[in-house]
Amino acid sequence: MAHFTTSDGLEIYYTDTGNGRAILCLAGLTRNSADFNFLAPHLSDNRLICMDYRGRGKSAYDADFTNYNILREGQDALELLDHLGLDQVTLIGTSRGGLIAMALAYGHPARLRAVVLNDIGPDVDAKGLERIMDYVGKEPGLPDLDSCAAALAHVHGPDFAGVSLERWRQQAEFMFYEKPGGGLGLRYDAKLRDALTGQAGTGEAADLWLLFDALKDIPLAVIKGENSDLLTAATLAKMQEHHPGLIAAVVPDRGHVPFLDEAPALAAIHALLEQTA
C-alpha cells in the first residue's frame with residue numbers, strides 16, 4: 001500500500017500501477033479507488049493512479065470535517081501529482097471526481113492533458129442530490145454484504161437492467177465492510193454528511209458553468225448513464241454547446257453512475273486517449 005502526506009499532515013492512500021500515459025482516477029463522493037476496479041483491466045497499457053480522498057477508503061480521516069470539500073480534495077490531488085513527479089495527467093473523474101476536475105481546470109489547467117467526466121456536469125439535478133443526501137453518512141442497517149448486494153440490486157435494478165447479483169456483491173464490498181459484531185460499516189467518514197450540510201447552508205452555490213468552461217481548451221469526454229438522476233440529457237446537450245469538441249457517450253441501462261467497463265464508456269475513453277496520444 002502507498003501513502004503520501006499532504007501539506008496539512010494527513011495520510012492519503014493511493015494506488016499506482018502499470019506504465020505509459022499517466023491517468024489519475026478520482027472517485028465519487030462516498031467512494032474510493034475501488035470505483036475503478038472494473039475499468040482498470042481495459043487501461044492496462046497506461047499508468048493508472050487512483051487516490052482515496054481524505055476521509056474515504058484507506059486514507060486518514062480529517063479531524064476537521066469542513067476539509068471534506070472540493071477545493072481541499074483538489075489540492076490533495078495536486079500534491080499527489082507533485083509527490084509522484086507528474087507535471088500533467090489525464091484525469092478520469094466520477095461524479096465528485098468530475099467536479100474536482102472542473103475546479104482543477106479553472107485553477108491549474110496546465111496539469112490536465114485530457115479529462116473524462118463520468119456522469120457529472122455543471123448542473124446537478126436536484127432529484128439526484130436529494131437521493132444522495134438520503135444515504136450519506138448513514139450505515140445501511142443490513143446484516144452482511146450478501147444482503148447488501150440484494151438490496152442494491154432491488155433499489156437500483158430499474159436503472160441498471162441486466163447487472164448481475166455478483167456485480168452488486170462486488171459493489172457492496174467496495175462501499176461497505178462487515179463489522180466484527182455484525183452489520184455493515186461505511187468505508188468513509190460519516191462526518192462527510194456534516195460537511196455537505198454545512199456547505200449547503202453557506203449561501204448561493206458556486207457557478208459550475210464557470211468551472212466547466214475552463215475545460216474549453218482541454219480535450220474532454222463526457223459519459224452519461226441513460227437513466228442518471230444527476231446528469232440530465234439537457235445538461236449534456238448544453239455541455240456540448242459550450243465545448244463543441246467533446247466526446248459524448250450515453251450508456252444504456254445505467255443510472256448514476258456507469259461502471260465504466262460498458263462498451264460506450266470504453267469507446268469514449270479510448271477515443272479521447274487516441275485523440276491526445
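Sequential numbering from 1 along the given sequence is applied to the chain's residues. Predicted model only: the values in this text are computed from it and were never measured. Excluded from the calculations below are hydrogen atoms, water molecules and symmetry mates; all remaining heavy atoms, backbone and side chain alike, are included.
Side-chain contact between Tyr135 and Arg131: present, with at least one pair of heavy atoms (C-beta onward) separated by less than 4.5 Å. Using a 4.5 Å heavy-atom cutoff, the side chains of Val115 and Pro219 are not in contact.
Under the 3.5 Å distance criterion, the side-chain polar atoms of Arg187 are matched with a main-chain donor or acceptor of Phe176. Judged by distance alone, with hydrogens and angles left aside, the side-chain atoms of Lys224 form no donor-acceptor pair with the main-chain N or O of Val251 at under 3.5 Å. Remark: the backbone N or O of Asp159 is paired with a side-chain donor or acceptor of Asn227 at under 3.5 angstrom. Judged by distance alone, with hydrogens and angles left aside, the side-chain atoms of Thr6 form a donor-acceptor pair with the main-chain N or O of Leu10 at under 3.5 Å.
Screening Asp217, Leu211, Ile218 for a side chain to side chain contact (heavy atoms under 4.5 Å, CB included) involving Leu215 leaves a single residue, Ile218.
For the pair Arg167 and Asp261, the salt-bridge criterion is met [side-chain N within less than 4.0 Å of a carboxylate O]. Using a 4.0 Å cut-off between a side-chain N of Lys or Arg and a carboxylate O of Asp or Glu, Arg72 and Asp62 do not qualify as a salt bridge. Of the charged side-chain nitrogens involved, none lies within less than 4.0 Å of a carboxylate oxygen, so that Lys58 and Glu11 do not count as a salt-bridged pair.
Within a 6.0 Å sphere centred on OH of Tyr61, other residues, nucleotides and ligands contribute more than 12 heavy atoms. Annotation for Lys127: atom NZ does not count as buried by contact number, only 12 or fewer foreign heavy atoms lying within 6.0 Å. Heavy-atom neighbours of Lys238 NZ from other residues, nucleotides or ligands within 6.0 Å: above the threshold of 12.
Cation-pi geometry between Arg193 and Tyr188 is not met at under 6.0 angstrom from the ring centre and within 45 degrees of the axis.
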Would Asp76 and Arg54 satisfy salt bridge (charged side-chain N to carboxylate O under 4.0 Å, His left out), going step by step from the backbone distance to the final call? CA-CA 8 Å; Asp76 292 344; Arg54 56 180 60 211; 2.7 Å; yes
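Between Phe259 and Phe38, the ring planes lie perpendicular to each other; the angle is over 60°, past the 30° to 60° tilted range.
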